[in-house]
There are 2 protein chains.
Amino acid sequence: MSDHNKPYILIVEDEAPLVTLLRYNLEKQGFRVEDTGDGGEALTRITEAPPDLLLLDWMLPTMSGIELCRQLRRRPATRQLPIIMLTARAEEQDAVRGLDTGADDYITKPFSTEALIARIRALLRRSGSVPQKLKLNFHDISLDPASHRVIRNGRALHLGPTEFRLLEFFLRHPKRVFSREDVLNAVWGRDIHVEPRTVDVHIRRLRKAINGPGEIDIVRTVRAAGYALDLDEIA
Amino acid sequence: MSDHNKPYILIVEDEAPLVTLLRYNLEKQGFRVEDTGDGGEALTRITEAPPDLLLLDWMLPTMSGIELCRQLRRRPATRQLPIIMLTARAEEQDAVRGLDTGADDYITKPFSTEALIARIRALLRRSGSVPQKLKLNFHDISLDPASHRVIRNGRALHLGPTEFRLLEFFLRHPKRVFSREDVLNAVWGRDIHVEPRTVDVHIRRLRKAINGPGEIDIVRTVRAAGYALDLDEIA
DNA sequence: GCGTTCCGTGACAATGCTGTGACGGTAGCG
DNA sequence: CGCTACCGTCACAGCATTGTCACGGAACGC
């Protein structure tokens, strides 16, 4: 079979021997592995094809691991990307800062392959192990994150970038109510300053875009609470 | 704000000094902390009020941490519950097995509080830091905090925001009588100034909203005391 | 039975919340 | 540069919700 079914791990690390070792062990475990020693290159490759998990070295030539991490967390597309930091024992203080910057876990060199693989498994399982690739469906709507396409009742919908991310977010958590602040954090970003009422406007634009004539509105308003992707009637 | 907004961490650990230390540091970080040294009791408490994150010691008197972990992973309600294992340095092999059993992370004793807190933050962020909200049931009524929906006998009920919070509060403490002041503190807020009699009006609105024709009233009035959610079957 | 206390009920004015259209600003693109 | 698409903010209207009150009836103690 091709490698496309396997979880895809990107290693960002410049010590060649370590990379060889990691690649050998991870591929033996059934992962698809790519690597790069350059932070900037990593950013590009992640942008064009986001991995399922990132192994990130703290010490890097062009861009520090922590900086790369920060950049990834700033983008909505990679905000959920599982990241494990590789750090030398002496840099433990930095690793702590790394976690706060947005890494999900860290491991200190030297480490046992066994421990690393266990952590990778735990992290992949938690993130659903195939984060970005599955189509999202609800009622008669289908959104394909890969091809960036939305379809309702066979006809393609035209959504703006924000509307797309908004719908994607709600599709990932159907039937759950989110406050405007929740939506802002998830769709716009954590440190962005935007009026909460802005969500209303985009909800309206989303509604206008997805609700054709005669079709029911699947965006439910919950007064004094927020919005949810749900049918108003009971299923 | 009350503790209900803070992330709730349950510590399962039988070394009292360690618990004291953890509690002190975690509460300082703004977490709500509970603890128990008994695995069985932990299971009960998690069942009735699932925490946002679990700190779990490997060595426990009645039930080993790994067994508790396994049990939690078997139940749908706690399958996603973030778990961090506490383990002694010498037990690292076990910790690896722990991760495969379903723990999300582990940390070896002795550890720095700093590192632990960083991991807690990372894990909470990953899990959406959304508290596990379970459906609340009583008699033939079901309230789902996540979807903000109330159902009785299969039909959806329309409640205003205050009525919803009121019902949610009573559902969390069934069969218990609360004075109007209690209700005001819990549902309206501690520093809000509202006439106690206002509760009466909302109780009436709640009754009107949830009691369909031919259905019994599950809101019981206790004269000179307050209200309770209970079946009023007194001869 | 009778007075007193307490609660249910309907009405109402004030407030709060959301839908909607419009507007100016900006980034991308030919 | 002009054009287009998109974004964030605002003002306003319409409606839902809220807190309070007055009235009357029910429950209670004696």
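Just so we're on the same page: letters track the sequence lines, and every chain starts at 1.
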Under-4.0 Å side-chain N/O to phosphate OP1/OP2 contact, W188(B) with dG19(D): yes
Pi-cation contact, F31(B) with R121(B) (under 6.0 Å, within 45°): no
Minimum-distance nucleotide to R197(B) side chain [options: dC7(C), dC6(D), dT20(C)]: dC7(C)
Distance, rounded to the nearest Å, where K208(B) contributes NZ and dT9(C) contributes C1': 8 Å
Aromatic plane relationship, F178(B) with F169(B) - under 30° parallel, 30 to 60° tilted, over 60° perpendicular: tilted
Length of the line joining E195(A):CD and dC17(C):C1', which is rounded to integer Å: 15 Å
Evaluation steps, side-chain contact (heavy atoms from CB on, under 4.5 Å), between F170(A) and Y227(A): CA-CA 9 Å; F170(A) 276 110; Y227(A) 297 94; 4.0 Å; yes
Distance in angstrom units between E163(A) CD and dC6(D) C1', rounded: 8 Å
Main-chain N/O of V12(A) paired to D57(A) side chain as donor or acceptor, under 3.5 Å: no
Value in whole Å for how far the P atom of dT20(D) lies from CD1 of I192(B): 11 Å
Salt-bridge criterion met for D217(A) and R204(A) (N-O under 4.0 Å): no
Proximity to the side chain of H158(B) - top-ranked nucleotide from dG10(C), dT17(D), dT18(D): dT17(D)
First of Y227(A) and R223(B) reached from the 5' end of DNA chain C, by closest nucleotide: R223(B)
Donor-acceptor pair present, R205(B) side chain and dG19(D) base, under 3.5 Å: yes
Gap between atoms CD1 and P, on I203(A) and dC7(D) respectively (whole Å): 13 Å
Short side-chain N/O contact from R204(A) to OP1 or OP2 of dG21(C), under 4.0 Å: yes
V194(A) side chain, from C-beta outward: closest of dA27(D), dT9(D), dT17(D): dT9(D)
Nearest-angstrom distance from the residue atom NE2 of H202(A) to P of dG8(D): 4 Å
Distance, rounded to the nearest Å, where H193(A) contributes NE2 and dC7(D) contributes P: 18 Å
Residue T198(A), side-chain heavy atoms: nucleotide from dG8(C), dC6(D), dG8(D) that is nearest: dG8(D)
Any R180(B) side-chain nitrogen or oxygen under 4.0 Å from OP1 or OP2 of dC7(C): yes
Phosphate-side-chain proximity, R207(B) and dG8(C), N/O vs OP1/OP2 below 4.0 Å: yes
Gap between atoms CG and P, on D200(A) and dA22(C) respectively (whole Å): 18 Å
Distance test, side-chain N/O of T162(A) to OP1/OP2 of dC7(D), below 4.0 Å: yes
